[in-house]
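Okay, so here's the structure we're looking at.
In this text the structure is predicted, and so the values were computed from the model without any measurement.
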Amino acid sequence: MTVRRAPRLTSPLWAPNTVLPSYCSYSKATLQPSYDRSVTDEVLRKRLFYQSHKRGMKENDLLLGTFANRVLEQLSREELEGYDLLLQQPDPDVYNWITGKMELPPELRGSFMDKLLAHVNKDPCGNLRGT
């Protein structure tokens, strides 16, 4: 059995032009709800809150966790479902999409993504970058 190792990155992850390698190919087939549609909004919010904080990549934990802390309670059911689909994707892809290093697939665009991208363009502490 061959073990696939991640390529060495020559620049820091936070460098503007660094794109994390994607180990999974994105497909529309992966866009299925990860829950029973009969669950209440409250249960779905709790599940998404937990998944936002426990991603597997510290960068995503910080970006998505602070987003969940601030915005998750305000999202509609449709936005929660879209956010759930995003959280099902591989961490490197999510990071590249929300930081603008790769183009976001059309299936994941929506009002929740506009709110997430606005959050990511701010410092997790709430200060605008560069000010």
Side-chain angles (χ1 to χ4, degrees):
M1 179 176 175
T2 311
V3 176
R4 184 174 179 192
R5 300 200 184 271
R8 288 188 167 242
L9 297 175
T10 56
S11 62
L13 291 178
W14 56 87
N17 298 327
T18 303
V19 177
L20 296 176
S22 175
Y23 295 104
C24 298
S25 59
Y26 168 79
S27 72
K28 292 180 186 179
T30 61
L31 294 176
Q32 300 297 323
S34 66
Y35 58 92
D36 178 10
R37 289 195 180 266
S38 65
V39 300
T40 64
D41 289 357
E42 181 182 351
V43 170
L44 183 56
R45 275 192 181 89
K46 288 179 182 181
R47 173 181 281 170
L48 296 176
F49 183 84
Y50 179 80
Q51 291 174 349
S52 297
H53 286 275
K54 307 292 184 190
R55 295 296 306 162
M57 267 182 64
K58 195 57 160 174
E59 294 85 354
N60 284 351
D61 290 348
L62 292 171
L63 294 172
L64 298 174
T66 55
F67 174 76
N69 290 345
R70 294 187 179 157
V71 182
L72 202 60
E73 287 296 321
Q74 303 163 8
L75 297 181
S76 68
R77 178 64 180 220
E78 181 181 330
E79 291 171 326
L80 291 172
E81 291 173 357
Y83 188 56
D84 174 61
L85 295 177
L86 175 72
L87 293 181
Q88 292 179 42
Q89 305 308 312
D91 274 342
D93 291 342
V94 172
Y95 180 78
N96 288 330
W97 292 330
I98 64 176
T99 58
K101 295 178 181 184
M102 284 176 44
E103 187 176 338
L104 184 68
E107 296 81 15
L108 293 175
R109 292 187 182 142
S111 59
F112 82 93
M113 186 56 76
D114 295 337
K115 293 174 184 179
L116 177 57
L117 294 176
H119 172 76
V120 169
N121 286 326
K122 292 183 178 182
D123 184 65
C125 295
N127 302 319
L128 290 175
R129 288 184 181 166
T131 59

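- Among residues two or more places apart in sequence or in another chain, the side-chain hydrogen bond (donor to acceptor under 3.5 Å, both in side chains) test is passed with D41 by R77.
- Atom OG1 of T99 is separated from atom CG of N121 by 10.0 Å, given to the nearest 0.5 angstrom.
- Between L63 and T66, the shortest heavy-atom contact is O-OG1, 3.2 Å.
- Applying the side chain to side chain contact (heavy atoms under 4.5 Å, CB included) test to L117 and every residue at least two apart in sequence or in another chain returns I98, M113.
- Here the CG atom belonging to D61 is positioned 7.5 Å from the CG atom belonging to D91, to the nearest 0.5 angstrom.
- S111 is linked by a side chain to side chain contact (heavy atoms under 4.5 Å, CB included) to E79, counting only residues two or more places apart in sequence or in another chain.
- Residues R55 and Q89 approach most closely at NH2-O, 3.5 Å, considering heavy atoms.
- Residues passing the side-chain hydrogen bond (donor to acceptor under 3.5 Å, both in side chains) test with R45: none are found, sequence neighbours excluded.
- Nearest heavy atom pair, residue L87 against residue S52, reads CD1-OG, 3.9 Å.
- Atoms CG and CD, on L75 and E81 in that order, are 11.5 Å from each other to the nearest 0.5 Å.
- Of the listed residues (L80, L85, L86), just one forms a side chain to side chain contact (heavy atoms under 4.5 Å, CB included) with F112, and that residue is L86.
- Hydrophobic clustering (ILVMFWY, side-chain heavy atoms < 4.5 Å, transitive): L72 and Y50 are in distinct clusters.
- Among residue pairs with one or both ends in residues 55-79, those qualifying as ring pair (Phe, Tyr, Trp, His ring centres under 6.0 Å) are F67-Y83, F67-H119; sequence neighbours excluded.
- No more than 12 heavy atoms of other residues, nucleotides or ligands shown are found within 6.0 angstrom of CD on E42.
- For F49, the ring-ring contact (aromatic ring centres under 6.0 Å, His included) partners are H53, not counting sequence neighbours.
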